[in-house]
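For reference, the structure is listed below as structure tokens.
Order of the sequence lines fixes the chain letters, A, B, ..., with proteins taken first and strands second; residue numbering starts at 1 for each chain. In what follows, every heavy atom counts, from backbone to side chain, and hydrogens, waters and symmetry copies are set aside.
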Amino acid sequence: MKRRYQPVRGMRDILPEDSARLTLIEDTFRDVLQSYSYEEIRLPVLEAKDLFDRGLGEATDAVSKEMYSFEDRDGTDLALRPEGTASCARAIVNHSMAHEDKPRLWYAGPMFRHERPQSGRYRQFQQVGAEAFGYSGPAIDYELMSVGTDVFGRLGILDEITLLLNNIGSAAERALYRGALVEYLLPIEDDLDSDSRHRLKANPIRILDSKNSRTQEILEQAPPIEEFVSQESNEKFAAVRRLLDGANIEYQITPRLVRGFDYYTDTVFEWVTDKLGAQDAICAGGRYDGLIELLGGKPTPGVGFAAGIDRIAILLEQCEGSSKYDKADVYIIAHSDEQQEYVAEVARQVRRHTNLRVREHTESGRMGAKMRWADKSGAKWALIAGDAEAAKREVTIKWMRVEREQTTVSFDQVVEVLSENWEK
RNA sequence: GUGGGUGUAGCUCAGGUGGUAGAGCACUGGAUUGUGGUUCCAGCUGUCGUGGGUUCGAGUCCCAUCAUCCACCCCA
């Protein structure tokens, strides 16, 4: 009995066209991050489960309900990383990286969360993260938002997204705020939606995030978090905003914006879009001044963001309109099998002297069919190396995308002709 | 984790009340024996997601299961 295998739930094969889009996004992040002198760090996918329990907070959903954790052969509890910041902070501590330097780092890779899959939400998903350690001033908060803005600008999606911004203060301040919020909501508990009623006991601050419109109405009269945040923190937040204003980066102050992980402090931000349904966050981050110390390092401030590459790819695809994906720039065909060696020689020549993507038609068949394959490849040129050409060491160059007479040139001129008309 | 929708050819989808599967696109060949994208003609393609049940008979009804999508939840 034959078995049809499928990817396991929430995992997916990313086929070439989508893969090209993901690569474009990752390349853009890499280029921009390097222009800010961020350095790449590569981190393991597998970590001690405890790192996330402590780092993200045991009560968070990502840890308590969604973590891929298992016992290793020797009995230690391991987990596939649900995010990158905890690993990055661990590396900072392990290698004492914050002692001599103030590292600005970035990483890319898969993260794993056992959630119910939806478009834009997979159990294995791709993130690019950036983290800066040792900086307590407002300029670094601004810098990370500037990085994001540059990336999304280059990708041409700034019009599709909004930068949300909030100041959630320190853990101690949030504890005070939590008390005040509960005090306000408890008497009118019955008016809340059932999820929010549940969160009133478990994690009251997340009620701010509720999508229930009635609950949001009630929250308008709730005490604002700003009043519980220290003056120093509020002033720093104002400085961040001035920097953003100076750089003409648009943002929206969103008092209800809170974070799912416990390590966040003070500035939090998030780029959202209205084009992806419920999975609207494409990049989010903030400050986490206590995390390094929590993981056993000396007190070191930190700020960072994580971008959801899969979601950005969906957004990009929606903005593209007609697809312009092509596989090759040059498509080389012979007339018959006798010219395969000559075709190979032409291909070698073009590959050696240009960085064009060259495909050889390696199967026999009639000319029309070969031309159709050349067309489908998206190639700008078809090079015909048939018996007439091979005999005289020539190549016929046919323009596939523009009105232009095909020409037959000598072997040595091929690269020259292609290069002249190369503007991609 | 909760609720709902969908699953038929490679793709997009038709298939009132059960009677033994169809269209467009794609693909292959021809018109055009060495020239694609337009057109015309011909042809190919199916364990109707999977497993069970009801029935003389199931793509159609029932149950289960898997996948996928949407919302909730969560989050990037």
| message | Under 4.0 Å, heavy atoms only, any strand: does Ala278(A) hit a base, just the sugar-phosphate, or nothing? | response | base
| Using a cut-off of 4.0 Å on non-hydrogen atoms, how would the nucleic acid contact of Phe261(A) be classed: base, sugar-phosphate, or nothing? | sugar-phosphate
| Residue met sooner reading RNA chain B from 5', once Ala281(A) and Gln406(A) are mapped to nucleotides | Gln406(A)
| task | Identify, between Ser210(A) and Gly120(A), the residue whose nearest nucleotide on RNA chain B lies closer to the 5' end. | result |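 Its nearest nucleotide being more 5', the pick is Ser210(A).
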Ionic contact status for [Y] with [X], cut-off 4.0 Å:
X	Y	answer
Arg401(A)	Asp375(A)	yes
Arg42(A)	Glu40(A)	yes
Lys275(A)	Glu160(A)	yes
Asp53(A)	Lys49(A)	yes

Can you tell me which nucleotide in [options] comes closest to the side chain of [X]?
X	options	answer
Phe125(A)	rA76(B), rG36(B), rC73(B)	rA76(B)
Arg206(A)	rA67(B), rC74(B), rC73(B)	rC74(B)
Gln6(A)	rC74(B), rU35(B), rC66(B)	rC66(B)
Ser119(A)	rU68(B), rA76(B), rC70(B)	rC70(B)
Gln118(A)	rG36(B), rC72(B), rA67(B)	rC72(B)

Watson-Crick or G-U wobble partner for [N], using a 3.5 Å limit on both distances?
N	answer
rA42(B)	rU28(B)
rU68(B)	rG5(B)
rU55(B)	none
rU17(B)	none

| task | Please state whether the rings of Trp271(A) and Phe152(A) are parallel, tilted or perpendicular, taking 30° and 60° as the class boundaries. | result | perpendicular
Look at the side chain of [X] against the base of [N] and say whether a donor-acceptor pair falls under 3.5 Å; ignore hydrogens and angles.
X	N	value
Asp375(A)	rG36(B)	yes
Gln339(A)	rG34(B)	no
Arg121(A)	rC74(B)	yes

[M] and [N], which share atom name [atom1], separated by this distance in whole Å:
N	M	atom1	value
rG59(B)	rG3(B)	P	30 Å
rC61(B)	rC74(B)	P	37 Å
rA23(B)	rC48(B)	C1'	16 Å
rG57(B)	rG18(B)	P	15 Å

So, is [X] close to the [N] phosphate, meaning a side-chain N or O under 4.0 Å from OP1 or OP2?
X	N	result
Arg372(A)	rU28(B)	yes
Trp373(A)	rU28(B)	yes
Lys211(A)	rC74(B)	no
Arg123(A)	rA67(B)	no
Arg366(A)	rU32(B)	no
Arg116(A)	rG1(B)	no

Check the distance between [N]'s [atom2] and [X]'s [atom1] and give it to me in whole angstrom.
X	N	atom1	atom2	value
Lys370(A)	rU28(B)	NZ	C1'	16 Å
His114(A)	rU2(B)	NE2	P	11 Å
Tyr122(A)	rA76(B)	OH	C1'	12 Å

| For the ring pair Trp381(A) and Tyr331(A), is the centre-to-centre distance below 6.0 Å? |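 So the answer is no for these two rings.
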| said: Do Arg104(A) and Tyr135(A) form a cation-pi contact, if we require the NZ or CZ to be under 6.0 Å from the six-membered ring centre and within 45 degrees of the ring's axis? | reply: yes
